[in-house]
Undergrad: 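One structure coming up, written as structure tokens, with questions to follow.
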Amino acid sequence: MHVPLVVFGGGPGGYAAAFLAADLGMDVALVDRDERLGGTCLLRGCIPSKALLHVGRVLAEARELEDWGVHFPKPAVQLDALRARKEKVISTLTGGLAALARRRNVRIIQGEARFTGSGALEVKTAAGSEHLTYDHCILASGSRPTRIPAFEIGSARVMDSTGALKLEDVPASLLVVGGGYIGLEMGTIYAELGSQVSVVELTDALLPGADRDLVKPLQQRLEKIFTAIQMQTKVVKLQDVGAGVSAEFAGPEGSFTKEFSRVLVAVGRRPNSDGLGLENTDVVVNSQGFVEVDDRQRTADPRILAIGDVCGEPMLAHRASHQGKVAVEVLHGEPAVFAPRCIPAVVFTDPEIAWAGLTEHEAAVAGRQVEISRYPWAASGRAHALGRTDGLTKLLVDPETEQVLGVGIVGSGAGELIAEGALAIEMGCTARDLMETIHPHPTLGETLAFSAENFYGLATEIYRPRAETAAR
Ligand code: FAD
Ligand code: NAD
């Protein structure tokens with residue numbers, strides 16, 4: 001069968017690309033080995049983890065209402081019902097995608113795909129093998145969890161993120177290997193459901209990519225809900241001992257062994273670029289396994305474009321779908337490029353951490369002069385009303401042009417608030433633009449305007465001596 005456009009992978013990159021292609025009048029087929037559309041994000045990533053984090057958050061809020069004199073009995077969690085509700089969220093959304101694909105006449109082919117040449121794919125379907133030729137293919141094969149061979153001990157107690165999201169039980173104790181996005185989000189879920197969670201991180205900090213002042217309030221709260229957080233520590237051996245898994249650690253205090261009911265390994269993800277027959281095409285894969293693309297998502301093979309996790313970091317769903325749309329526009333003959341000023345990142349812990357654009361760490365590495373204006377949420381009326389003053393909003397501003405280069409937020413709902421920061425960066429706003437935009441009161445969103453006011457030494461709730469700001 002010949003199809004003008006094949007999209008290889010039905011995750012947030014692939015389905016966004018296929019749907020836009022159909023909307024623009026292209027004849028498009030989408031191939032995925034999964035029975036359901038949605039990819040990692042919808043089936044075993046963003047959505048199920050956020051559904052469970054929502055439950056964790058409500059449990060924490062109920063507990064914290066004791067400070068306000070409101071006491072709930074200890075919550076009883078029915079795991080079967082919780083799992084069913086999480087599955088319902090997934091099936092509603094994936095069912096919606098299937099319906100949208102049908103309405104748009106996107107042909108869905110379920111099967112394991114492999115390139116047999118620059119313009120040809122073989123798809124192993126339930127009925128046998130299907131051979132497709134195409135004018136163009138958008139590769140959106142995504143990524144999978146990084147495996148550590150020493151941890152492959154054949155024990156069901158050792159899980160990756162997909163296993164952890166199944167929520168088979170609430171283990172008495174859980175060891176989380178890796179203090180990154182997944183380790184902290186999944187660790188939060190299990191801790192709120194009642195597990196004793198210990199995190200072990202190889203480097204000297206949680207969330208190594210995020211600014212330290214944003215991580216600090218999160219770490220302080222995690223230290224209360226987690227049993228242990230060990231930095232600069234390695235798990236050197238795991239062993240299934242029947243009733244649990246014995247883990248051998250090597251850290252600054254030497255070696256020690258501890259037993260856990262379950263272990264979650266969350267040490268990063270690797271691109272799905274191997275085993276796809278890419279050697280039969282002209283696509284170039286770099287030493288880290290990422291498919292190389294230019295700013296129009298084109299690979300070295302003129303027939304093949306690539307988007308999403310398979311073509312680089314940050315491995316985030318919104319980057320994948322944005323790239324998918326760029327790739328389709330390029331094929332449609334439009335002058336589209338993937339050149340965002342920022343790709344916002346959100347860690348959906350409690351508090352959430354979110355940033356967009358330049359970080360302090362990146363500015364320091366690049367030797368770039370920036371002025372940083374911080375607005376502690378202890379000065380926000382809304383934060384006090386919510387009992388969540390543990391937040392911070394900061395702007396990284398170009399001292400010459402006063403343009404906002406970066407925004408960082410830690411606090412309750414930071415993931416929603418960062419969108420304004422992303423818009424400000426994309427639109428080239430100055431701190432004055434943020435300051436002079438009337439924000440509704442009382443909201444946490446005001447902290448963006450207040451941190452801009454603070455840049456000029458003019459924040460109502462913060463006193464800065466005149467000398468500090470006289471130059472501006
Ligand atoms: P994927 O979503 O990985 O989709 C790739 C698709 O290709 C899959 O459906 C796969 O079945 C298919 N495929 C691969 N190989 C073949 C083959 N040979 N034949 C046929 N089909 C194939 N990102 C966020 O932005 N926000 C979040 O909150 C967030 N939370 C996450 C939580 C977890 C636990 C995990 C694991 C990830 C999370 N991510 C999050 C990351 C996000 O899921 C990915 O960045 C996103 O799914 C990438 O989209 P993609 O389209 O590139 O690939
Ligand atoms: P990650 O890169 O965020 O974190 C992995 C952590 O493991 C790092 O801190 C790293 O230093 C540490 N590590 C590596 N090897 C180790 C070892 N042997 N022992 C102990 N620690 C070790 O990776 P992740 O948490 O697996 O998530 C993968 C990717 O999925 C993320 O980078 C992100 O792109 C995406 N994701 C995004 C979200 C979100 O947007 N909210 C949520 C989950 C996942």
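When a ligand or atom number is given, it counts from 1 through the structure's own listing order.
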Undergrad: Can you list the atoms of ligand 1 that are under 4.0 Å from a heavy atom of Gly111?
TA: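 Here the atoms of ligand 1 in question are 19 (N), 20 (C).
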Undergrad: Salt bridge between Lys124 and Glu130, side-chain N to carboxylate O under 4.0 Å?
TA: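 Not counted as a salt bridge, because no side-chain N and carboxylate O are separated by less than 4.0 Å.
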Undergrad: Would Glu329 and Arg296 pass as an ion pair if we require N to O under 4.0 Å?
TA: no
Undergrad: Give yes or no for whether the N/O distance cutoff of 3.5 Å, strictly under, is met between Thr40 and ligand 1.
TA: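 The answer is yes, given that Thr40 and ligand 1 share an N or O pair closer than 3.5 Å.
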Undergrad: Determine, using ring centers only, whether His322 and Phe338 are less than 6.0 Å apart.
TA: yes
Undergrad: Does this structure show an ion pair linking Asp34 with Arg44, if we count only N-O contacts that are shorter than 4.0 Å?
TA: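 Looking at Arg44 together with Asp34, the answer is yes, because their closest N to O distance falls below 4.0 Å.
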Undergrad: Check each N or O atom of ligand 2 against all protein N or O atoms and list the pairs under 3.5 Å, with atom names and distances to 0.1 Å, one per line.
TA:
from	atom 1	to	atom 2	distance (Å)
ligand 2	3 (O)	Tyr181	N	3.2
ligand 2	9 (O)	Glu201	OE1	2.7
ligand 2	9 (O)	Glu201	OE2	3.2
ligand 2	11 (O)	Glu201	OE2	2.7
ligand 2	21 (N)	Leu202	N	3.2
ligand 2	23 (O)	Gly268	N	3.4
ligand 2	25 (O)	Tyr181	N	3.3
ligand 2	25 (O)	Ile182	N	2.8
ligand 2	26 (O)	Gly268	N	2.8
ligand 2	34 (O)	Met315	O	2.7
ligand 2	40 (O)	Val346	O	3.4
ligand 2	41 (N)	Glu185	OE2	2.8
ligand 2	41 (N)	Val346	O	2.7

Undergrad: Using a strict 4.0 Å cut-off to heavy atoms of Ala113, name the atoms of ligand 1 that fall inside it.
TA: 17 (C), 18 (N), 19 (N), 20 (C)
Undergrad: Which of these, Cys311, Cys46, Gly9, Gly324, has its nearest heavy atom closest to atom 7 (O) of ligand 1?
TA: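 Result: the heavy atom closest to atom 7 (O) of ligand 1 is in Gly9.
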Undergrad: Taking non-hydrogen atoms only, is Ile182 closer than 4.0 angstrom to ligand 1 via side chain, backbone, both or neither?
TA: side chain
Undergrad: Quick one: does Ser155's side chain have a donor or acceptor within less than 3.5 Å of a partner on Arg157's backbone?
TA: yes
Undergrad: Are the aromatic rings of Phe115 and Phe8 close, with centres under 6.0 Å apart?
TA: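 Yes, the ring centres sit under 6.0 Å apart.
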Undergrad: Just to verify, which of Arg114, Glu112, Glu122 counts as forming a side-chain hydrogen bond (donor to acceptor under 3.5 Å, both in side chains) with Ser129?
TA: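 Running side-chain hydrogen bond (donor to acceptor under 3.5 Å, both in side chains) over Arg114, Glu112, Glu122 with Ser129 returns exactly one hit, Glu122.
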Undergrad: With a 3.5 Å distance limit and no angle check, can you tell me whether Arg36 reaches the backbone of Leu42 through a side-chain donor-acceptor pair?
TA: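 Such a contact is absent between Arg36 side chain and Leu42 backbone.
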Undergrad: Test of understanding: given a 4.0 Å heavy-atom threshold, classify the contact between Ala320 and ligand 1 as side chain, backbone, both, or neither.
TA: side chain
